[in-house]
Amino acid sequence: MGQQNFEKQIDSLLNLMTLEEKVGQMNLYSGFYDATGPAPKGGNAVEKYEHLKKGWVGAMLNVRGAEQTKKLQEIVVNETRLGIPLLFGLDVVHGQKTLAPIPLAEAASWDLQAIENSAKIAADEAAAEGVHWTFAPMVDISRDARWGRVMEGAGEDTYLGSKIAIARVKGFQGEDLSAPNTIAACAKHFAAYGFAEAGRDYNTVDVGTYTLYNMVLPPFKAATGAGVKTFMNAFNILNGVPATGDAMLQREILKGKWNFDGFVVSDWGSVAEMIAHGHAKDSTHAAELAANAGSDMDMASGSYLKNLTGLVKEGKVDESKIDDAVRRILRVKFELGLFEDPYRYSDIDREKERIYHPDHQAGVLEMAKKSIVLLKNDGNVLPLDKDQKGIVVIGDLADDKNSPLGSWRLASDDDSAVSFLEGMDAYTKEYTFVQGPTAFYSASFLQHVKVNETDTSGIQEAVEAAKSAEVVIMVLGEHGFMSGESRSRTTIDIPVVQKKLLKAVYEVNKNIVLVLMNGRPLTITWEAENIPAILETWQLGSQTGNAIAQVLFGDYNPSGKLPMTFPRSVGQVPIYYNHYSTGRPVNKEGNVFWSHYADEENSPLYPFGHGLSYTSFQYSDLQVDATDPKNVKVSVSVTNTGNRAGEEVVQLYLQDPYASIVRPVKELKGFEKIMLEAGTSKTVSFNLTDKELGFYNQQYEWVVEPGSFNVMVGTNSQEGLSGSFVVDQ
Ligand code: NOJ
């Protein structure tokens, strides 16, 4: 359905609104009381409730449920002067109740259709719970595995990240935003939040314009191209200005150059946080800076409501800016169909029908299988025979129904994941499970996980069981709440007691399959050297156990590829495949003066794009045809040389070896996921146009510089067939 034009209706509404009512639309409160219960009795809930009735609240977050949202909507529709419906927002990041894998895991699928479908499932359930708007997708590029929020993004690469941003926006918003099963998406955090120094959340960001334009902004731009309705700004500073108060980002680039006609919401409290940053004098000043810079809606700080009316009267914020912000907010409300029917999304029968729908479970199971990455499989330990005897499963996480749900699951039910063991049960009951030491003492969304760092009791029992096992499956890693917002770590190892357990078991039985659960790349150097088979399963959501079991027993041939580099040591971080060369990239002179570490290699443990299959693929016959410099054709033949069908992500990397501004050693510029039956081949073709060959210069202009290019097509960012071509202009 084409987008309807609501501008006339918005004009008439704006004409009717008082300044206070306009500012009210720009105010986003967090849920403050149980709408189905009695009216609030104390604290600031009473005040907020009064604000709601006065029309001083345009949107709310953290309210969900058909009944709750309906009750709150009734207050606004029936009791405010103009009855402008509320917008209900929530962090629907990888599902509402039925949970898909965490976004980083989904990115490992490189399967855009599956990712779009996963967002569609999330939207369907969220909309059925009365939610209109998700604070997703997070499209921040990050190269720092210490940062806990890497779980929420698509990894380190701009090209892959842009494609995934589009898929997620399309999945959430669908074709028709006013349909009762689609919701408005939000590209966040604008911008460069993923470059927090030292991987510490909320920390200072200092990126140059070149990195900003070429690495950070493209996924945001891609999201606008896909029609994303909202943006969220960020907690960080950029060139000394908090993103929330940054007019260059919000007005010049987003609303100017990119013609974005949706609205920008601040991050939680980020308007007021400009005071702590040292940019605003006080809350009034913060509101002035943010509104002038183009932040249209204030999440949770209350600074707009308190100050904007006065600021307009004093002439510090022009009313036209307020009108522009309100117009943008109303536009999204119109497009969602809320003026036609404010209760469209709050339908109790629909809620009952859609939540945990079997189709959704099937969808997230597919997504989960595709997200698993086979990191290592020496001697083809995997897949296991379906009648494999003598299996011993070790590790607390194997029995955990909560951790695999990940970090962002505000609406889901605790302990609702199919555990690893439950997944095993569907294949065989003939295994022994030994928990080993307690891995975590407590874990929740609001507190840090209490990790067992000392108590090794339980290791001996596991070692005894492992001695006579034919194969030992060890399920180890991070708890789902160890990554996510404000979950930065300085070490990114498997927690210490679990690692001791692994080493102790290894002493008595080396035939180990390591099933990793984690929300970020981990430093698993010892494991990669010693353990024959390693399966990266991240946090896979509701269907975790079923997905892993299908891979372990060979009913699904793993096809995931890493969307983020795995370092050898945390000291290498930030480590990413599309780095620059430096002036001293190799050890030419045989002395120490080249760019390296004294105590570790430069190379990663597992490179970006790495992932094995139960079959093998051979690349041959790379053809490059640059006759038309505006459309360079590259093709390669891929053959499945193993004995079972499998999927391969064919990856194309490009290098511009010298340019007016140095270019990365390589950059992903194309990929295709193909399925090949055993023994068959396929030719995969790519077209390279200005879009792939160019880059942004310091003036934020897109340029293609004539000259030679190197191209590599292969199975990951380090292995492939290489060619080159020249582009003359
Ligand atoms: C803060 C986070 O940074 C943001 O991503 C999220 O949407 C809001 N909190 C609301 O929960």
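Counting convention: from 1, in listed order, for ligands and their atoms alike.
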Original post:
Are side-chain heavy atoms of Gln96 and Arg354 found at a separation under 4.5 Å?
Top reply: no

Original post:
Which atoms of ligand 1 have any heavy atom of Asp267 under 4.0 Å away?
Top reply: 1 (C), 2 (C), 3 (O), 4 (C), 6 (C), 8 (C), 9 (N)

Subject >> No-hydrogen, no-angle side-chain donor-acceptor test under 3.5 Å, Tyr202 and Glu485 >> reply: yes

Original post:
With a 4.5 Å limit on heavy-atom distance, are the side chains of Lys255 and Asp296 in contact?
Top reply: yes

Subject >> N or O pair under 3.5 Å between Tyr193 and ligand 1 >> reply: no

Subject >> Atoms of ligand 1 close to Arg149 [distance to a heavy atom under 4.0 angstrom, numbered from 1] >> reply: 2 (C), 3 (O), 4 (C), 5 (O)

**OP:** To the nearest 0.5 Å, tell me how far Asp282 CG sits from Asn307 CG.
**Re:** 7.5 Å

**OP:** Measure the distances from the heavy atoms of Met138 to every atom of ligand 1 and state whether one is below 4.0 angstrom.
**Re:** no

Subject >> Presence of salt bridge, Lys70 and Glu74, under 4.0 angstrom >> reply: yes

Original post:
Taking only heavy atoms of Leu61, which atoms of ligand 1 are found under 4.0 Å from at least one of them?
Top reply: 10 (C)

**OP:** Look at atom 2 (C) of ligand 1 and find which of Glu152, Met232, Glu485 reaches it with the closest heavy atom.
**Re:** Glu485

**OP:** Determine whether the side chains of Glu106 and Ser118 contain a donor N or O and an acceptor N or O closer than 3.5 Å.
**Re:** yes

Original post:
What residue and atom, counting heavy atoms only, is the protein's closest point to atom 6 (C) of ligand 1, and at what distance?
Top reply: Asp91 OD1, 3.2 Å

Original post:
Any idea which atoms of ligand 1 are less than 4.0 Å away from a heavy-atom of Phe135?
Top reply: 7 (O)

**OP:** Please work out which of the three classes, parallel, tilted or perpendicular, describes the rings of Phe339 and Phe334, given edges at 30° and 60°.
**Re:** parallel

Original post:
Backbone or side chain, does any N or O of Lys188 fall under 3.5 Å from an N or O of ligand 1?
Top reply: yes

